[in-house]
Amino acid sequence: MSKRRKDPADLSANLTSLIDVTFLLIVFFVLVSKINEVERWQLELPSVRSPLSEKGESEHRVVINVIPAPAGRVSSYRVGLAEFAGDDAGLSSMTDHLAGLYQTSPSIDVNVRADRATHYEFVEPVLQAVSNAAHKSGAAGVNPRVNLVVTRGS
Amino acid sequence: MTAPDRHPPSHAADDTSALRPLPAYLEVPEPERFVRPRKRKPMLLKINVTSLIDVTFLLLVYFMIATSFTSSEEAYRTDIPSREGVGTADPFEIQDDPLRISVNSTGLAPDMYRLQIDGPYQQPSTFDDLYTFLSSRLVRADTTGGLFEPNHPIVIQPTRTTRWEHAMQAFNAAARARYTNVTFAKPG
């Protein structure tokens, strides 16, 4: 009587749910990387050595991007998704916009992001606009605070 | 003439003639068996997903490595002087003369700048020298000497065409030296 050979055990795994979860993760990472780009205009920020700056991710914050133009000039100012011209009229409109934001939320922080090659004469008016907006809003408890954004250098 | 023999030879068990094959005219075809039509199995469409899983995992690893949840940006928190009504300052308060640091960009390169400190001080040539100057003259609780209190007003005075990075580097030098009252002046 011959012994019957046992077939080797067939090990199979159902990968359907694994693929589903993997695709969900991919979609998540793609969306997260897009969301971060909305507030951050592609700028070459000033790089400083051994800064004592903070990471400071404030809940209530407004980001002002100083959009550069050639030769250190400025083409426009962008506050969140709103864009303002890089001239006095644009600064005035931006001041009004910031005043509205201060009325809504007096404790907001304002992040100022400017390219390292931008001339100071185009950045200082932004700081002044923040101060004017705080005064113009008339909201109680407004303490205009600006975060000057840099990157960590070598 | 005799009638043809209509009776075929017998097929008895003991009849040896049964072993002989029947003549052709006597062969009766076997009746067809009734075969129930077999139900056809539906065709299975198979997709080999092995390479799909490989590519998917590669994409996942790429995005996990490339996506950064932490911000590489940092910020200096600066209080902008809010404009209040005229006459709110204490008239008897003696204001310290601010230490003015002029910053001028002399070219397009990051290392093309000039620094100047108002007063009878040795002029720094780099931002590191500026930091050394400020840090050495800071009044500290644990050491004697020092010239400026930590809250001594320091004003960074860039020119109109000073690059923003040079203005920020001067600000950073003062902040690194632990001064707490550092402001920007209007472009001069």
Side-chain angles (χ1 to χ4, degrees), chain A residues 15-16 18-19 22-23 25-26 28-30 32-33 36 40 44-58 66 68 72 109-125 127-128 130-132 134-136 142-153, chain B residues 49-50 52-53 56-57 59-60 62-85 103-105 108 110 127-128 131 156-179 183-188:
Chain A
L15 300 177
T16 310
L18 175 67
I19 296 174
T22 305
F23 272 117
L25 285 172
I26 286 179
F28 168 74
F29 280 112
V30 168
V32 164
S33 62
N36 282 345
R40 288 201 205 157
E44 223 176 321
L45 295 171
S47 174
V48 295
R49 187 183 304 181
S50 308
L52 285 183
S53 47
E54 304 167 6
K55 292 259 184 205
E57 292 292 334
S58 172
V66 180
D109 282 356
V110 179
N111 283 18
V112 175
R113 300 178 72 248
D115 191 87
R116 60 179 63 183
T118 302
H119 289 174
Y120 179 71
E121 62 177 327
F122 299 108
V123 181
E124 190 273 340
L127 308 181
Q128 196 63 39
V130 173
S131 175
N132 294 342
H135 177 75
K136 196 171 183 178
V142 174
N143 183 23
R145 167 164 283 181
V146 168
N147 298 327
L148 304 175
V149 183
V150 297
T151 60
R152 186 175 283 270
Chain B
V49 294
T50 310
L52 173 69
I53 297 173
T56 305
F57 273 116
L59 284 173
L60 181 63
Y62 165 75
F63 280 115
M64 285 177 67
I65 293 172
T67 302
S68 170
F69 293 101
T70 57
S71 171
S72 62
E73 300 178 356
E74 299 178 351
Y76 285 104
R77 302 176 80 91
T78 311
D79 286 331
I80 303 288
S82 58
R83 301 186 307 149
E84 295 177 352
V103 185
N104 187 16
S105 296
L108 297 177
F127 290 114
D128 286 336
Y131 161 72
I156 309 295
Q157 177 76 63
T159 64
R160 299 179 69 86
T161 57
T162 299
R163 288 162 63 98
W164 178 237
E165 66 172 329
H166 294 152
M168 279 308 304
Q169 297 223 24
F171 188 97
N172 176 55
R176 276 176 68 196
R178 308 286 180 171
Y179 289 89
T183 56
F184 281 106
K186 281 195 169 295

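Below, read A as the first sequence line, B as the second, and so on, with proteins coming before strands; counting in each chain starts at 1. Quantities reported herein were computed from a predicted structural model and do not represent experimental measurements. All values below come from the heavy atoms of this structure, side chains included, with hydrogens, waters and symmetry mates left out.
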Quiz prompt | Side chain, backbone, both or neither of B/A185 within contact of chain A (heavy atoms, under 4.5 Å) | solution = backbone

Quiz prompt | Side chain, backbone, both or neither of B/T159 within contact of chain A (heavy atoms, under 4.5 Å) | solution = backbone

With rounding to the nearest 0.5 angstrom, report the [atom1] to [atom2] distance, [X] to [Y].
X	Y	atom1	atom2	value
A/T118	B/R163	OG1	CZ	9.0 Å
B/R160	A/E124	CZ	CD	9.5 Å
A/D115	B/E165	CG	CD	8.5 Å
A/L127	B/T183	CG	OG1	10.5 Å
B/T56	A/L18	OG1	CG	9.5 Å

Practice problem: Classify the ring geometry between B/F184 and A/Y120 as parallel (under 30°), tilted (30 to 60°) or perpendicular (over 60°). | Solution: tilted

So do the side chains of [X] and [Y] get within less than 4.5 Å of each other, counting heavy atoms only?
X	Y	result
B/Y76	A/V150	yes
A/F23	B/L60	no
B/Y62	A/I26	no

Quiz prompt | A/F28 and B/F63 aromatic centres sub-6.0 Å | solution = no

Exercise. Could you tell me which portion of A/V123 (side chain, backbone, both or neither) has an atom closer than 4.5 angstrom to a non-hydrogen atom of chain B?
Key: side chain

Exercise. Check side-chain hydrogen bond (donor to acceptor under 3.5 Å, both in side chains) between A/R116 and all other residues, then give those that pass, not counting sequence neighbours.
Key: none

Quiz item: Quick one: side-chain hydrogen bond (donor to acceptor under 3.5 Å, both in side chains) partners of A/H119, sequence neighbours excluded?
Solution: none

Practice problem: Please step through side chain to side chain contact (heavy atoms under 4.5 Å, CB included) for the pair A/I19 and B/I53, ending with a clear verdict. | Solution: CA-CA 7 Å; A/I19 296 174; B/I53 297 173; 3.8 Å; yes

